[in-house]
Amino acid sequence: MTNAAASLKKGLQEALSHAKGHKTDAWVQDIKVPEPDVAAIRERSGLSQAEFARSIGVAVGTLRGWEQGRRRPEGPARVLPSLIEKRPWIVQDELRS
């Protein structure tokens, strides 16, 4: 087994142990992602709902649901508005390059 494969195997075993609640030597970082105020973030961006939805790759209906409180963004969809709140042009900058 190569060093890379052995390292991957060890990392996966540590991740499984950690997930089961066992103490490991693995370095674990817990990041709390705040609940974004999507409507406020979009309004500050100066984009319409359609433009903002397109810029982050979601349907306009999904964005409206978030803004009206009928739904909440989860997973990566929760992280992206939080990033945009801190760096409003992050999506456009990164996708252009």
Quiz item: Shared ILVMFWY cluster between Leu63 and Ile90, side chains joined below 4.5 angstrom?
Solution: yes

Quiz item: How close do Arg78 and Val33 get, heavy atom to heavy atom, and via which atoms?
Solution: NH2-O, 3.0 Å

Quiz item: How close do Ser82 and Pro34 get, heavy atom to heavy atom, and via which atoms?
Solution: OG-O, 3.7 Å

Quiz item: At what distance, to the nearest 0.5 angstrom, does CD of Gln49 lie from CZ of Arg54?
Solution: 12.5 Å

Quiz item: When rounded to the nearest 0.5 angstrom, what distance separates CZ in Arg87 from CD in Glu94?
Solution: 6.0 Å

Self-check item: From CA spacing to verdict: side chain to side chain contact (heavy atoms under 4.5 Å, CB included), Arg42, Glu51
Solution: CA-CA 9 Å; Arg42 180 190 60 79; Glu51 292 167 330; over 6 Å; no

Quiz item: Given the rule in the side chain to side chain contact (heavy atoms under 4.5 Å, CB included) test, do Phe52 and Ile41 qualify, once you have shown the distances and angles that lead to the verdict?
Solution: CA-CA 10 Å; Phe52 191 79; Ile41 294 167; 4.2 Å; yes

Practice problem: Please check if the side chain of Thr62 supplies one atom and the backbone of Val58 the other of a donor-acceptor pair under 3.5 Å. | Solution: no

Practice problem: Would you give the length of the straight line joining atom CG of Asn3 to atom CG of Leu8, rounded to the nearest 0.5 angstrom? | Solution: 11.0 Å

Practice problem: For Glu85 and Asp37, run side chain to side chain contact (heavy atoms under 4.5 Å, CB included): C-alpha distance rounded to whole Å, both residues' side-chain angles, the deciding distance at 0.1 Å, then the answer. | Solution: CA-CA 9 Å; Glu85 184 171 31; Asp37 182 345; 5.8 Å; no

Practice problem: Working to the nearest 0.5 Å, report the span between CD1 of Ile84 and CD1 of Ile56. | Solution: 5.5 Å

